[in-house]
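Chain letters run A, B, ... following the sequence lines, proteins first and then strands; every chain starts at 1. This one's a predicted model, so the numbers in the text were calculated from it and none came from an experiment.
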Protein chains: 2
Amino acid sequence: MPGLPDAVVPVALAADLVVLTLVDGSLHVLAVRRAEAPFIGRWALPGGFVREGESAQRAAERELAEETGLGSRVHLEQLASYSDPARDPRGRVVSVAHLALVPADDAPPEAMRAGGDAAEVAWLPVTDDGSTAEPLAFDHARILRDGVERARAKLEYSALAAAFCEEEFTVGELRRVYDAVWGVRLDARNFHRKVTGARGFLDPVGTTTTRDGGRPAALFRRGPASTLNPPITRPPEPD
Amino acid sequence: MPGLPDAVVPVALAADLVVLTLVDGSLHVLAVRRAEAPFIGRWALPGGFVREGESAQRAAERELAEETGLGSRVHLEQLASYSDPARDPRGRVVSVAHLALVPADDAPPEAMRAGGDAAEVAWLPVTDDGSTAEPLAFDHARILRDGVERARAKLEYSALAAAFCEEEFTVGELRRVYDAVWGVRLDARNFHRKVTGARGFLDPVGTTTTRDGGRPAALFRRGPASTLNPPITRPPEPD
DNA sequence: GCAAAAGTGTTATCTCTACACCCATGC
DNA sequence: GCATGGGTGTAGAGATAACACTTTTGC
């Protein structure tokens with residue numbers, strides 16, 4: 001590495017993705033089955049190496065587009081980096097993990113990578129403790145747990161939940177995001193009052209839909225506010 | 001890189017530190033004056049390259065001990081990673097930034113690195129917008145801003161403020177941490193009620209001190225709770 | 001005594017929660 | 001009509017903000 005001290009150890013930089021969505025009202029994570037060693041045959045988080053001239057953020061955007069075909073309608077943020085020297089048996093690989101949230105039932109894995117390589121891709125259900133039924137490769141279980149925890153925490157005080165919804169959504173759809181991600185049942189009436197009362201949180205579209213059944217519900221878009229004050233409080237765990 | 005695809009680009013991994021403390025009741029950040037190119041003579045965040053067999057976390061701990069001489073009595077957490085390919089003119093250097101909080105008036109920079117190399121080290125005042133009067137090297141202004149914002153946000157719902165205090169501290173000292181970090185003046189009476197009423201937040205030591213003047217104040221240690229519910233709310237910005 | 005900081009009491013106001021209740025649709 | 005989900009009203013509990021007031025020290 002020219003210009004740098006001799007002692008500097010070179011590492012490979014990977015961008016991995018925790019892509020969360022709702023399938024049938026419950027939280028799922030995007031996983032790919034590994035086709036090569038190490039951890040051949042195991043589920044892993046999608047990701048890949050950062051390329052020349054690319055930031056980790058850009059690499060994550062590229063991977064996300066490759067895996068899901070989704071473009072702009074996804075929320076993407078950096079999660080954390082994982083640099084344990086033993087985390088990858090092939091050598092020194094540092095992963096910059098990212099958290100992505102995609103709308104419910106968008107981009108079904110069946111349709112994914114139609115023209116790409118033939119790796120198996122699936123939405124795996126996420127359990128209450130933020131893990132999957134089958135073990136994940138590398139330290140991806142840890143990364144997934146961190147990602148789920150971040151998503152859960154950010155729902156409280158941010159407009160993040162709308163990232164799980166279509167562009168136009170009803171208050172009920174938004175509430176079901178909270179129910180699914182937190183594993184709770186919020187009171188529909190109080191939730192409605194709270195989110196419609198928070199300034200800048202929801203932009204009324206003016207039209208209604210009956211796609212959820214029952215009485216027609218007003219449609220909203222995400223408002224300009226990115227933080228939510230007062231926050232939506234997660235019900236306390238029963239002692 | 002054996003075992004990895006040929007196309008993988010090697011990068012150097014750095015661990016940088018946003019070390020915050022209170023000096024005379026206002027927020028300061030630890031900075032070192034660069035003795036070499038690039039950015040020679042400029043202030044920069046302390047940090048260094050991650051060594052063989054070391055994680056970024058361990059490198060940050062090592063750097064922190066080297067710079068401040070402080071050991072365990074510091075809070076240290078990962079902040080974020082910065083991987084813009086142009087962020088370091090010497091080549092591809094990815095920084096895993098960490099946030100450290102050290103007790104007020106501990107480890108004065110004059111006493112630092114007594115036996116180490118002669119680089120100038122100082123506590124620079126942090127302005128309300130999370131920057132310093134003099135420009136910082138590399139993208140360190142951005143990193144500092146992110147670190148300050150993280151610290152401000154975490155005070156609301158975590159026990160982080162105690163990391164700025166000595167092991168045993170008074171409620172008034174804790175409140176002055178909030179005042180300094182948020183740039184506000186919280187009501188001493190309501191603050192007292194709130195923090196002493198939050199279960200698990202403060203452990204009473206049983207003794208008192210008059211080091212802050214006035215009536216003797218009870219001493220506390222950090223309690224077992226790491227999150228604070230209900231949170232201490234930051235007063236809204238005037239419109 | 002006086003200043004300073006700690007700590008307690010009080011009250012109006014706001015917020016939250018748990019409901020009762022009505023509304024507008026599909027079937 | 002009936003089920004389903006949307007939306008409004010309301011009362012009690014609890015949290016908050018503002019401030020009067022007492023306590024205990026140093027000087």
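Across the helix from dG1(C)-dC27(D) to dC27(C)-dG1(D), the helix axis at one end is tilted relative to the axis at the other end by 0° (nearest 10 degrees, each axis from five pairs).
Contacts of Ala218(B) with the nucleic acid, taken as non-hydrogen atoms under 4.0 Å apart, involve only primed sugar atoms and P, OP1 or OP2. Backbone-only contact: Asp212(A) has heavy atoms under 4.0 Å from sugar-phosphate atoms and none from a base. As judged by a 4.0 angstrom heavy-atom cut-off over every strand, Arg175(B) is placed among residues touching the sugar-phosphate backbone only.
Using a 4.0 Å cut-off between charged nitrogen and carboxylate oxygen, Arg175(B) and Asp179(B) count as a salt-bridge pair. Under the 4.0 Å criterion applied to side-chain N and carboxylate O atoms, Arg211(A) and Glu173(A) are assigned as salt-bridge partners. In this structure, Glu77(A) pairs ionically with Lys154(A), as a charged nitrogen and a carboxylate oxygen lie closer than 4.0 Å. Between Arg145(B) and Asp129(B), no side-chain nitrogen of the basic residue sits less than 4.0 Å from a carboxylate oxygen of the acidic one, so the salt-bridge criterion is not met.
For the 3.5 Å distance criterion, the side chains of Tyr82(A) and Asp16(A) fail to qualify, holding no donor opposite an acceptor.
A donor N or O paired with an acceptor N or O is found under 3.5 Å between the base of dG9(D) and the side-chain atoms of Arg193(A).
Bounding nucleotides for the chain A contact on DNA chain C, 5' to 3', at a heavy-atom distance below 4.0 Å, are dC16(C) to dT25(C).
A centroid separation of less than 6.0 Å is found between the aromatic rings of Tyr178(A) and Phe191(A).
His98(A) has its side chain out of reach of Val18(A): every pair of non-hydrogen atoms, C-beta onward, lies at least 4.5 Å apart.
Remark: C1' of dG14(D) and CG of Asn229(B) are 13 Å apart, rounded to the nearest angstrom.
The distance from atom CD of Gln57(A) to atom OG of Ser81(B), rounded to the nearest 0.5 Å, is 12.0 Å.
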